[in-house]
Number of protein chains: 2
Amino acid sequence: MEANDLKKAGLKVTLPRVRILELLEQHADQHLSAEDIYRLLLDNEEDIGLATVYRVLTQFEAAGIVCRHQFEGGKAVFELISKGEHDHIVCVKTGLVEEFHDPVIFERIQKIAEEHEFEMTDHSLVIFGIKRKSKA
Amino acid sequence: MEANDLKKAGLKVTLPRVRILELLEQHADQHLSAEDIYRLLLDNEEDIGLATVYRVLTQFEAAGIVCRHQFEGGKAVFELISKGEHDHIVCVKTGLVEEFHDPVIFERIQKIAEEHEFEMTDHSLVIFGIKRKSKA
DNA sequence: ATTCCTGCAAATCATTTGCATTACC
DNA sequence: GGTAATGCAAATGATTTGCAGGAAT
């Protein structure tokens with residue numbers, strides 16, 4: 001019951017919010033843009049406006065439910081935070097996104113923040129490249 | 001003589017391009033947005049349109065003269081590439097940007113790209129945080 | 001002279017916002 | 001029933017583009 005997640009976040013349980021949360025869970029392996037979500041909702045016969053999708057996503061971000069990435073090419077993409085801390089490696093040809101987590105890098109990042117006298121709040125690491133064809 | 005840099009990049013040596021390149025060199029310690037550059041040009045009595053600034057910056061990026069960052073908050077910022085590889089740590093309160101280079105991180109990044117079978121072309125690492133007041 | 005470049009204004013794209021209506025508790 | 005959320009359309013902000021006139025080789 002994800003209605004509880006919404007309540008806990010101080011958000012009224014409304015149809016748009018529930019549907020969007022469901023979609024994010026169903027597509028937990030992907031990184032969806034506001035427009036992607038809007039299209040998926042339309043496909044599901046849901047009559048939810050694009051503006052609402054943006055509003056809900058922004059609220060979810062503030063509530064710590066999703067996190068927003070900028071990657072490249074205009075549109076921001078979103079994913080559930082519940083998946084845990086990780087960074088991304090994206091293919092500049094296909095747009096394919098894979099995830100990774102490297103403790104060594106994370107440790108160094110903390111150290112660097114420390115050295116620069118920053119209270120670290122967050123970080124963003126994206127590796128760009130071209131995925132090699134797997135030699136079948 | 002930066003005119004040569006332009007010629008080498010296959011770009012005709014024109015006043016806007018020279019002026020913008022000069023500005024970037026004069027402000028090599030900063031990260032300027034297209035609008036910042038436009039304003040600086042106006043201050044210098046140069047009559048150069050904002051559209052041209054965008055066009056020139058895009059060409060410079062394609063030519064490998066500058067690199068574009070997205071940091072946070074709408075506008076992209078640019079800096080000369082000649083300064084060498086480095087990443088950024090930015091203060092979410094003040095917008096202050098500092099730079100760093102960490103060989104350990106870089107090495108790990110290469111390794112991760114390798115593990116994921118990516119031909120790495122680039123990476124982006126930004127640490128966000130709040131700069132501590134230096135205790136004077 | 002020819003081709004590439006520029007300035008301006010209008011166009012585009014992603015995202016946000018005002019406001020009347022509607023849905024939750 | 002009252003307040004907060006939604007949908008639509010219009011507004012915004014950053015960046016791009018079409019086109020007529022101008023500069024560089």
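In what follows, chains are A, B, ... by sequence order, proteins preceding strands, each numbered from 1. None of the values given here were measured: they were computed from a predicted structure.
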Quiz item: Does the side chain of B:Phe60 reach to within under 4.5 Å of the side chain of B:Asp5, using non-hydrogen atoms?
Solution: no
Quiz item: Rounded to the Å, how far apart are A:Lys75 NZ and C:dC13 P?
Solution: 9 Å
Exercise. Report the distance from atom CD of A:Glu46 to atom C1' of D:dT6, rounded to the nearest whole Å.
Key: 14 Å
Quiz prompt | Among D:dT25, D:dG7, D:dT17, the nucleotide that comes nearest once only the side chain of B:Ala51 is considered | solution = D:dT17
Quiz item: Quick one: A:Leu50 CG to D:dG7 C1', roughly how many Å, whole number?
Solution: 11 Å
Quiz item: Rounded to whole angstroms, how far apart are CD1 on A:Ile48 and C1' on D:dC8?
Solution: 14 Å
Self-check item: Rounded distance (Å) that lies between atom C1' of C:dC5 and atom CD1 of B:Ile20
Solution: 12 Å
Quiz item: Which residue, B:Tyr38 or B:Leu11, contacts DNA chain C at a nucleotide closer to its 5' end, judged by nearest heavy atom?
Solution: B:Leu11
Quiz item: What's the spacing between B:His27 NE2 and B:Leu23 CG if we round to 0.5 Å?
Solution: 5.5 Å
Quiz item: At under 4.0 Å between heavy atoms, what does A:Ala76 touch on the DNA or RNA strands: base, sugar-phosphate, or nothing?
Solution: sugar-phosphate
Quiz item: Would you call the rings of A:Phe106 and A:His123 parallel, tilted or perpendicular, where under 30° means parallel and over 60° means perpendicular?
Solution: tilted
Quiz item: Using a cut-off of 4.0 Å on non-hydrogen atoms, how would the nucleic acid contact of B:Leu15 be classed: base, sugar-phosphate, or nothing?
Solution: nothing
Quiz item: Is the shortest side-chain N/O distance from A:Arg17 to OP1 or OP2 of D:dA5 below 4.0 Å?
Solution: yes
Quiz item: Are any of the side-chain heavy atoms of A:Leu57 and A:Arg68 separated by less than 4.5 Å?
Solution: no
Self-check item: A:His101 and A:Glu85 side chains, donor-acceptor separation under 3.5 Å
Solution: no
Quiz item: DNA chain D: B:Glu35 or A:Gly10, which has the more 5' nearest nucleotide?
Solution: A:Gly10
Quiz prompt | Whole angstrom value for the distance that separates P of C:dT6 from CD of B:Gln59 | solution = 7 Å
Quiz item: Within the pair A:Tyr54 and C:dT16, is there a side-chain N or O less than 4.0 Å away from OP1 or OP2?
Solution: no
Quiz item: Which sits closer to the 5' end of DNA chain C, A:Ser33 or A:Arg55, going by the nucleotide each is nearest to?
Solution: A:Ser33
Quiz item: Rounding to a whole Å, what distance do you find between A:Gln70:CD and D:dT15:P?
Solution: 11 Å
Quiz item: Are OP1 or OP2 of C:dT6 and a side-chain N or O of B:Thr14 less than 4.0 angstrom apart?
Solution: yes
Quiz item: Hey, does A:Lys12 reach any base, or is it just sugar-phosphate, or nothing, if we go heavy atoms under 4.0 Å?
Solution: base
Quiz item: Starting at NZ of A:Lys7 and ending at P of D:dA4, how long is that distance when rounded to a whole Å?
Solution: 17 Å
